[in-house]
Amino acid sequence: MARTINVLWNDEEAEFKFRPIDRKVLYGKRRRVAFDEKGQECTRASLLGDGSLLLKSGMTGQGYFLPSGEWLPQGDLEGILPDGSPAELVPGTLGTPVPLEGPIPLESALDLKVQTVYLLEPETLPDRLADELAKGSCFSFMFNYRSDYRAETGILMSNDEGVWALIGLPITYEWSDVERSVAFVPDEEDDADDLDFEMF
């Protein structure tokens with residue numbers, strides 16, 4: 001069964017099939033293939049720095065080697081916050097109705113570091129939500145492709161080409177007050193190195 005993005009607005013659920021849009025979809029792709037002397041396609045592998053192991057594609061996704069050489073399965077890893085406390089695992093949202101927030105200003109999309117763009121194909125789309133999207137309204141929602149320690153933010157919008165979901169992490173800005181000033185104290189040693197243009 002295909003996974004879906006499900007959102008909830010005004011107690012009505014919308015369900016979308018989705019597919020990622022990336023450079024390969026927009027512009028196509030080329031693939032360079034290497035063959036051995038027998039005409040068999042080569043597979044890529046990485047040799048560890050000490051030459052002890054040859055890692056094939058997908059092997060590093062199963063776990064990690066500690067500096068001591070001990071193998072640590074990925075299932076044994078736990079998320080830790082900067083203060084040392086354990087991070088809470090956020091469940092995946094695919095197939096689960098997630099509340100929409102909004103409408104939100106279109107400029108909110110500029111405050112998102114977009115990592116993935118999905119083209120959505122509506123399976124069910126309530127009329128009220130469809131009308132809002134057609135008017136150019138945007139909505140935000142929590143998105144997590146799979147269980148992880150950090151959920152992403154999704155922005156739901158539409159245009160003449162279809163319905164879209166922009167997925168990414170909010171960008172945070174550090175602003176300074178007008179009242180806050182920085183005092184500049186010149187270093188006396190630096191003055192000695194200044195050029196005296198009267199010498200030229």
Any residue meeting side-chain hydrogen bond (donor to acceptor under 3.5 Å, both in side chains) with R32, in chain and number order, not counting sequence neighbours =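 Once residues adjacent in sequence are excluded, R32 has no partner under the side-chain hydrogen bond (donor to acceptor under 3.5 Å, both in side chains) criterion.
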Mind checking whether L89 and Y149 have side chains closer than 4.5 Å, heavy atoms only?
->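 SC-SC contact between L89 and Y149 confirmed.
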With F18, which of V163, L119, L94 fulfils side chain to side chain contact (heavy atoms under 4.5 Å, CB included)?
->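 With F18 as partner, side chain to side chain contact (heavy atoms under 4.5 Å, CB included) holds for just one option, L94.
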N/O donor-acceptor pair under 3.5 Å between S158 side chain and L133 backbone =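 Present.
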Look only at the side chain of T124 and the backbone of E15, and say whether a donor-acceptor pair between them is shorter than 3.5 Å.
->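 Checking the backbone N and O of E15 against the side chain of T124, a donor-acceptor pair under 3.5 Å is found.
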Does [atom1] belonging to [X] count more than 12 external heavy atoms closer than 6.0 Å?
X	atom1	value
Q115	CD	yes
E13	CD	yes
E88	CD	no
D83	CG	yes
D127	CG	no

Considering non-hydrogen atoms only, spot the tightest contact between L106 and C138 and give its length.
->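 Closest heavy-atom pair between L106 and C138: CD1-SG, 3.4 Å.
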Shortest non-hydrogen contact from S147 toward P91 |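 For S147 versus P91, the nearest heavy atoms are OG-CA, 3.7 Å.
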Just jot down the side-chain contact (heavy atoms from CB on, under 4.5 Å) partners of [X], sequence neighbours excluded, or say none.
X	value
P86	none
P99	none
E107	P105
L47	L54

From Y145 atom OH to T116 atom OG1, the distance as rounded to the nearest 0.5 Å =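 Going from the OH atom of Y145 to the OG1 atom of T116 covers 10.0 Å.
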Which residue pairs satisfy the salt bridge (Lys or Arg N to Asp or Glu O under 4.0 Å) criterion with at least one member in residues 150-160, sequence neighbours excluded?
->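 Not a single pair qualifies under salt bridge (Lys or Arg N to Asp or Glu O under 4.0 Å).
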Would L120 end up clustered with L166 when hydrophobic side chains under 4.5 Å apart are linked, directly or stepwise?
->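 Cluster IDs for L120 and L166 differ.
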